[in-house]
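To start, the structure under review is shown below, and the notes come after it.
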Number of protein chains: 2
Amino acid sequence: MSSIRYALLTLLAREPLSGYDIKLQMNSRIGPFWKVGSNQVYPELSKMEGEGLIRLQGTEQHAYRPVRKLYEITEAGREALIQWTLERGGVETVRDDFLLKAYNSWLVKPEEMAAQIEEVKKQHEERLAAYVAKVEELTAMLDAPDSHDPIASTISVVEFGIQYERLYIEWCEKLLKKE
Amino acid sequence: MSSIRYALLTLLAREPLSGYDIKLQMNSRIGPFWKVGSNQVYPELSKMEGEGLIRLQGTEQHAYRPVRKLYEITEAGREALIQWTLERGGVETVRDDFLLKAYNSWLVKPEEMAAQIEEVKKQHEERLAAYVAKVEELTAMLDAPDSHDPIASTISVVEFGIQYERLYIEWCEKLLKKE
DNA sequence: ACCCACATGTAAGGAGTTACATGATTAC
DNA sequence: GTAATCATGTAACTCCTTACATGTGGGT
């Protein structure tokens, strides 16, 4: 279960990063799929360093700022990540508040629900636009289609995001028609 | 934030239920969207009873078994649920392990990843079949299309599930082609 | 004046998982 | 005899969210 550590390793397998970098990438690149707060990143990095999954590559100091600690993945970390990647797990629960709210739509006035649906739809349209831009950016970076290129893997995942947002938007439209 | 209490109220708004009933319904009807364990259900029911959102409708005793406590929603509970339903919230994070694993596919041998993808695809196909059966069952129960019928709301949510599983399966197939 | 970006971290608490405890009954 | 179903509940634990704390420079 404990997947946050694999989320960190996933990013570190590609390039050395600081805790702050990881936090930023989580909230943009694989953004809406995974999120972490600083409270989880820093203690987890320490733990993982203690277990030999990552090591401190070096530190940087820019003027007045706190020391920036760059971590890199170790061979043991890479192996642990590969093992986890091939491990099988159960299907996840979706756990989306709005699905529950839709389940309650029979309780409220149709016009009030419609306003709510429109709002949710708008949020997902914004995400869709961000994903589409991301895929275009990534595709430009990838010259040859190669399944061993990390960028190709990233594109696949973001494409899932695009399909998901499209489905969500279409579903919202179907709900609006029913009201 | 997204608290379990509204999930309980959502079910109780439709019919009086015991904690055990709620647990069962969570793991079948709105199943893979939400889940609860008994550790959460029973304390939360007590809390909600104390706050006047639900009340004990009565108890049943079948032979040797523990007393079955049936709860029903109160007017205050209904109002709280309606308010929450119309409240706006942010978009949720998807948080699916397999998306992270796919993000790591560049690290592993294509044939090993393919086996993993096939396995995941199979799990989602099983879910899809369950949802399709559920929708058919619900549609048969609904005679007139009416947006104030709770069954209509349920169908909408399960239809989301169907679309989601289909998208997941198609995405798996696309991954397999890329390998 | 005030907030944001940078970069590390801690604290408090709520949410969620896994396992356990009771105890008779039915099914393999 | 082993497990599952019914029905309640507790215990121990991990995970995740929200907020705080530090401290300077740059933008509005």
Side-chain angles (χ1 to χ4, degrees), chain A residues 1-8 16-28 31-51 54 56-71 89-97 100, chain B residues 1-9 16-28 31-51 54 56-71 84 89-97 100:
Chain A
M1 281 285 147
S2 72
S3 21
I4 220 67
R5 83 180 319 156
Y6 295 108
L8 304 190
L17 295 166
S18 71
Y20 192 73
D21 292 335
I22 289 172
K23 221 184 100 186
L24 287 188
Q25 284 202 14
M26 285 277 194
N27 303 342
S28 68
F33 302 123
W34 289 88
K35 257 184 193 169
V36 265
S38 44
N39 59 100
Q40 279 190 284
V41 174
Y42 297 113
E44 193 63 38
L45 284 174
S46 301
K47 239 188 281 177
M48 279 160 59
E49 198 192 357
E51 292 172 36
I54 57 173
L56 199 61
Q57 192 206 34
T59 56
E60 291 171 14
Q61 174 93 49
H62 285 282
Y64 57 90
R65 293 195 208 143
V67 179
R68 200 172 121 83
K69 294 157 85 174
L70 271 178
Y71 290 97
V91 187
E92 312 276 327
T93 42
V94 174
R95 217 174 262 294
D96 182 327
D97 271 8
L100 258 192
Chain B
M1 231 230 194
S2 57
S3 102
I4 216 67
R5 81 184 317 154
Y6 293 108
L8 304 190
L9 281 177
L17 296 166
S18 70
Y20 191 75
D21 292 335
I22 288 171
K23 221 184 99 188
L24 287 188
Q25 285 203 11
M26 284 279 194
N27 303 343
S28 69
F33 302 123
W34 290 89
K35 258 185 193 168
V36 268
S38 45
N39 60 104
Q40 280 189 283
V41 173
Y42 297 113
E44 193 63 39
L45 284 174
S46 300
K47 238 189 280 177
M48 279 159 60
E49 197 192 358
E51 291 172 37
I54 58 174
L56 199 61
Q57 194 207 33
T59 56
E60 290 172 15
Q61 175 94 48
H62 284 284
Y64 58 90
R65 294 198 208 139
V67 180
R68 199 173 123 85
K69 294 157 85 175
L70 271 176
Y71 290 96
W84 175 78
V91 187
E92 311 277 326
T93 43
V94 174
R95 213 173 266 292
D96 181 327
D97 271 8
L100 259 192

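All values below were derived from every heavy atom in this structure, side-chain atoms included, with hydrogens, water molecules and symmetry-related copies excluded. Chain naming here is simple, since letters A, B, ... match the order of the sequence lines and numbering starts at 1 in each.
- Counting any heavy atom pair closer than 4.0 Å across all strands shown, B:Lys69 reaches sugar-phosphate atoms only and no base atom.
- Put simply, CE on B:Met48 is 17 Å from P on C:dG14, counting in whole angstrom units.
- Of the possible donor and acceptor atoms, none in the side chain of A:Ser3 sits under 3.5 Å from a partner among the backbone N and O of A:Tyr6.
- In the set D:dT18, C:dC6, C:dG16, the nucleotide with an atom closest to the side chain of A:Asn39 is D:dT18.
- Computed from coordinates, the B:Leu8 CG to C:dG16 P distance equals 11 Å when rounded to whole Å.
- Put simply, NZ on B:Lys35 is 16 Å from C1' on C:dA15, counting in whole angstrom units.
- Residues A:Leu70 and A:Leu17 come closest through the heavy atom pair CD2-C, 3.5 Å.
- Of the charged side-chain nitrogens involved, none lies within less than 4.0 Å of a carboxylate oxygen, so that A:Lys69 and A:Glu49 do not count as a salt-bridged pair.
- Among the atoms of the strands shown, only primed sugar atoms or phosphate atoms (P, OP1, OP2) are found under 4.0 Å from some heavy atom of B:Val67.
- When each of B:Tyr42 and A:Gly37 is assigned the nucleotide of DNA chain D bearing its nearest heavy atom, the one mapping closer to the 5' terminus is B:Tyr42.
- Distance from the side chain of B:Gln40 is smallest for C:dA15 among the nucleotides C:dA15, D:dT8, C:dA7.
- As rounded to whole Å, 14 Å separates atom P of C:dA15 from atom CD of B:Glu92.
- A close approach under 4.0 Å does not occur between any side-chain nitrogen or oxygen of B:Arg5 and OP1 or OP2 of C:dA15.
- Phosphate proximity of C:dA5 to A:Arg68: absent, as no side-chain N or O sits under 4.0 Å from OP1 or OP2.
- By the 4.0 Å N-to-carboxylate-O rule, A:Glu92 lies too far from B:Lys35 to be salt-bridged with it.
- Summarising the geometry, the separation between CG on B:Asn27 and P on D:dT5 is reported as 12 Å, rounded to the nearest angstrom.
- Taking side-chain N and O atoms only, A:Arg95 has a distance below 4.0 Å to OP1 or OP2 of C:dT17.
- Heavy-atom distances to DNA chain D give each of B:Ser18 and A:Val36 a nearest nucleotide, and the one nearer the 5′ end belongs to B:Ser18.
- In this structure, A:Ile4 atom CD1 and C:dT17 atom P are separated by 15 Å, rounded to whole Å.
- Rounded to whole Å, atom P of C:dC6 lies 14 Å from atom CG of A:Leu17.
- A pairwise comparison of heavy atoms in A:Leu8 and A:Val41 identifies CD1-O, 4.3 Å as the closest pair.
- Judged by closest nucleotide on DNA chain C, A:Glu60 is the one of A:Glu60 and A:Pro43 placed further toward the 5' end.
- Put simply, CH2 on B:Trp34 is 6 Å from P on C:dG16, counting in whole angstrom units.
- In this structure, of D:dC6, C:dA19, C:dG16, it is C:dA19 that holds the atom nearest to the side chain of B:Ser38.
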